[in-house]
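Presented below is the structure to which this report refers.
Chain naming here is simple, since letters A, B, ... match the order of the sequence lines and numbering starts at 1 in each. What you see below is based on every heavy atom in this structure, not just the backbone, and it leaves out hydrogens, waters and symmetry mates. Everything numeric here is computed off the predicted structure, so don't read it as measured data.
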Amino acid sequence: MYNHQKIEKKWREIWADSGLYKTGEDFSKPKYYVLDMFPYPSGVGLHVGHPKGYIATDILARLRMMQGYNVLHPMGFDAFGLPAENYALKNKLHPQKATETNIAAFKKQLAVLGFSYDWAREVITTDPQYYRWTQWIFLQMWKKGLAFESHEPINWCPSCQTGLANEDLEEGKCERCGSEVEQRPLRQWVLRITEYAERLLNDLEKLGGWEESIKEMQRNWIGRSEGAEIIFRVEAEAVADESVVKVFTTRLDTIFGCTYVVLAPEHKLINELKKRISNWPAVEEYIAAAKNKTDLQRTDLNKEKTGVILEGVKAINPFNNEPVAIFVADYVLNSYGTGAIMAVPAHDERDYKFAEKYGLEFRTVVINGLLQDSGEFSGLSSAVAVKKMIAWLEKKKLGARKTNYKIKDWVFSRQRYWGEPIPLIHCSECGVVPVPEKDLPVRLPEVDSYEPTGTGESPLALIDDWVNVKCPKCGGPARRETNTMPQWAGSCWYYLRYIDPNNDRELTDKAKEKYWSPVDFYVGGAEHATRHLIYARFWHKVLYDLGVINYEEPFIKFKQVGLIIGADGRKMSKRWGNVINPDDMAEKFGADALRVYEMFMGPFEQAVVWNTAGLVGTRKFLEKVLNLAEDPETMPAAKNIIASDNKKLLSLLHKTIKKVGEDIENFNFNTAVSALMILINELTDYKNKNRSLPFGVEEFRQVLKILAPFAPHLAEELWEKSGGSASIFRSTWPKYDREMIKDETINLIVQVNGKLRATWEVAADISEKEAWRMAQENENIRKWLAGKEIVKNIFVPGKLLNIVVK
RNA sequence: GGUCCAGUGGUGGAACUGGUAUACACGCAGCACUUAAAAUGCUGUGCCCAAAAGGCGUGUGGGUUCGAGUCCCACCUGGACCACCA
């Protein structure tokens, strides 16, 4: 009888009491740092999809533990940010209270699954002793000029009433609430991530343990493109003018095909040229209309391109001195490149569409990769021409080589309550003054009303006795910065804090960091590929440059976890009523059965559909394991085993030890479980026929060891029953015997012209000669050879004989 | 439109550097046990043929090879990420 509830409760308590999962402090041992992305403690709780990654890392952590490593396997909570705050607002709770309640609920759910976390190292981003160091890092960035104040228009979510970073958008909508985002000019703090773009891109090469797809996403997001910036002089009809317009292009070779220039509606030059533009009312109207469009409307690819010509001004192409028309059109983005382009309708699809609509000239200047009608550059190939043209530009000081990135500087302030206060003070005399490090953390004040103001100011601005302070520099009256940090801030460095979670002198001890860093294995959702994983790499490099830490990249290996989809094929959500709760499953079938099932469902990275019937299958598998062990009389002492009878099963055991170990390392959990099932089926079969186990207690305990990472409670229980005094996780992972896994006999495949005609069980070292002799004697093979000319034999030792006939 | 990934039984999925396609599990069918059911155990389960022998089979069409799910080319379908990025 498999009483999973009793077994699992018993061992959870014993593990907690004995401190089994306390992180080792003996730095002479090899270390292994295995990390999950810590969750937001939302109010909804966990569904069965959430623990999938946690189960995987737990299995890896337990394997490493048994292999003799010091294992760091921590867990914590990322509790600041909009989701927590919106939940609190909806339920009329203070975010602090809501966060505490939700964390407690999460921990209760996680506890049921028997994870090996060292909870003594728990990190919660909303803890002042934690965000003290988040603020400290911000100050270092400010001091290095990596955090700066900006008044540029940014993404504004009208529903969440806060500014957002580019990474917080999905198809022009707020990733949190789905509202269409507007552009609003707003004072804000911005982090200069673009300064690190090149390193973030190049160092991807060092991350051999990352999947190519994730790296590719980061490359796309960083979006490096090489080209040139070119200066076009602007000529007004009436007056001589000093103005110029800079354009960026990756197709400098097509510049002789440029027939007009386009400015983004927000381009500053337009206003400067106001007096020279004879159709100003029309231009002004167009700019106003563009402003009123949402991002979504502006970037709709299907929409027709629109624009207005700037009458009275021309731009001069520096290569041929030809004056071309200047347009303002919203198909050009102010936020990329210079906010202005040279339009080449013959060689650019967007310019083509625009030129077609407005009847502008097309000029084909590159045919089959060779330039034509391009002055002195005619006849050159595109690649050579670009080089020569850049040299020409640089010599005449009319332009230069330029690399642009799609990634934008990180809008880092939020006009909301529930975030880390930005530790800066505004003094009318001294300007922006940092809060002295000794005064950190700047604590979030207790307030009654933390609802967003919608004015572009944080609710903190309303709390006079918090806002008004003395300037740390001159002692005069000053005001605190009232914006808070975005939800991503705390997760940028939490993995460093687990190393030394209670340090009050520095964010982490450098010697400890040298030992534990970098994270050896990181597991989480692919949706973070272009957000958290880029942000954290950015902060990590900044800290590295500051000399605070020893390594340049935070995560050596990263694996994405595939979603678990509802049985109806939709994402699990309250809305669809298809949520499966892990506590319910654990209570009914056992945490071990649930763990094994989630690993068995399919490849780890792939999305899979939940099927409770499948969970029944893994439950049955565990029952079989229990049945093997339950009757002590069927477990003979190792000495009494008759080897000859059991050679095959012992060989299978060693093969399984090999496969399970390797599969865990490679995150092929589904095939590891399948290998365990095959072994248990064979043993059960043998036991049913012979009324005893095929081998002794020692061998059976090896079976328990390789099962233990997957089903820790049951394995521990049976380990105890079989005479173990210390925990199975204090035992050593079994080594397989190379001799044992060699097969004595093989199934020789016999083919004629590549088609299977027979398989024979023969000695593994059978020679070609012998195999050929057997084939010639075999009636069925002879039938296929009859009347044919034998061309040759292909013999693969230990595998097959293929007879090629004509 | 760009980049990347994937198409295998009724279902989830296996298949190492090209070498028995469908391991393992679910489902289904039959049998045993039972008064009966559940549970459990055993057997079977890609398609065609009564069976054997054989033929056909990994999205489609070609190619390379003694041999292709695996490699190459073209296409179709689905997914992920990015996207008026000049």
Is it the case that B/C66 (base atoms only) and A/Asn802 (side chain only) share a donor and an acceptor within less than 3.5 Å, ignoring hydrogens and angles?
yes

Is it the case that B/C84 (base atoms only) and A/Lys353 (side chain only) share a donor and an acceptor within less than 3.5 Å, ignoring hydrogens and angles?
no

Without decimals, in angstroms, what is the distance between [X] [atom1] and [N] [atom2]?
X: A/Ile749; N: B/G18; atom1: CD1; atom2: P; answer: 15 Å
X: A/Arg219; N: B/A80; atom1: CZ; atom2: P; answer: 22 Å
X: A/Asp685; N: B/C24; atom1: CG; atom2: C1'; answer: 15 Å
X: A/Ile534; N: B/C82; atom1: CD1; atom2: C1'; answer: 11 Å

Between [N] and [M], how far is it from one [atom1] atom to the other, in whole Å?
N: B/U22; M: B/G13; atom1: C1'; result: 9 Å
N: B/C47; M: B/A51; atom1: P; result: 12 Å
N: B/G69; M: B/G7; atom1: C1'; result: 11 Å
N: B/C31; M: B/U65; atom1: C1'; result: 47 Å
N: B/C84; M: B/G61; atom1: P; result: 39 Å
N: B/U17; M: B/U77; atom1: P; result: 31 Å
N: B/C5; M: B/G9; atom1: P; result: 23 Å

Contact class for [X] vs. all strands (heavy atom < 4.0 Å): base, sugar-phosphate, or nothing?
X: A/Thr618; value: nothing
X: A/Gln751; value: base
X: A/Trp760; value: nothing
X: A/Gln606; value: sugar-phosphate
X: A/Gly223; value: nothing
X: A/Asn681; value: sugar-phosphate
X: A/Asn793; value: nothing
X: A/Asp351; value: nothing
X: A/Val262; value: nothing
X: A/Ile794; value: base

Of the options [options], whose atoms approach the side-chain atoms of [X] most closely?
X: A/Ile341; options: B/A83, B/A86, B/C24; value: B/A86
X: A/Met677; options: B/A86, B/C82, B/A25; value: B/A25
X: A/Met217; options: B/A86, B/A23, B/C81; value: B/C81
X: A/Pro603; options: B/C4, B/A86, B/G13; value: B/G13
X: A/Arg757; options: B/G55, B/C24, B/A86; value: B/G55
X: A/Lys305; options: B/C84, B/U20, B/C82; value: B/C84
X: A/Asn780; options: B/G12, B/C4, B/A53; value: B/A53
X: A/Lys783; options: B/A53, B/C26, B/C56; value: B/A53
X: A/Thr249; options: B/A25, B/A86, B/C16; value: B/A86
X: A/Val796; options: B/A21, B/C82, B/G19; value: B/G19

Which is more 5' along RNA chain B, the nucleotide nearest A/Val608 or the one nearest A/Ala613? Just name the residue.
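Result: A/Val608.
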
Nearest-nucleotide wise, let me know which of A/Asn688 and A/Lys755 is further upstream toward the 5' end of RNA chain B.
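So the residue in question is A/Asn688.
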
Complementary nucleotide for B/G1 - Watson-Crick or wobble, under 3.5 Å
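Its partner is B/C82.
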
Hey, mind stepping through A/Glu682 and A/Lys687 against salt bridge (Lys or Arg N to Asp or Glu O under 4.0 Å) and telling me if it holds?
CA-CA 9 Å; A/Glu682 289 296 319; A/Lys687 191 188 154 187; over 6 Å; no

Going by atom types alone, do A/Thr745 and A/Glu761 pair a side-chain donor with an acceptor below 3.5 Å?
yes

Please determine if A/Lys742 and A/Glu744 form a salt bridge, counting it only when a charged side-chain N lies under 4.0 Å from a carboxylate O.
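A salt bridge is absent here (no side-chain N lies under 4.0 Å from a carboxylate O).
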
On a heavy-atom basis, the closest approach of A/Ile59 and A/Phe669 is CG2-CE2, 3.8 Å

Syn or anti: how is B/G9 classified when any glycosidic angle within 90° of 0 counts as syn?
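Base orientation: syn.
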
CD/A/Glu349: more than 12 non-hydrogen atoms of other groups inside 6.0 Å
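Open.
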
Are OP1 or OP2 of B/G13 and a side-chain N or O of A/Ser674 less than 4.0 angstrom apart?
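Negative; the distance criterion is not met.
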
Could you check whether any side-chain N or O of A/Asp409 sits under 3.5 Å from a backbone N or O of A/Ile193, counting only pairs where one atom can act as donor and the other as acceptor?
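At least one qualifying donor-acceptor pair exists.
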
Assess A/Lys52 against A/Phe604: is NZ or CZ under 6.0 Å from the centre of the six-membered ring, and within 45 degrees of the ring's axis?
yes

Hey, does the Lys NZ or Arg CZ of A/Lys305 hover above the aromatic six-ring of A/Phe354, less than 6.0 Å from the centre and inside 45° of the axis?
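That pair does not qualify as a cation-pi contact.
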
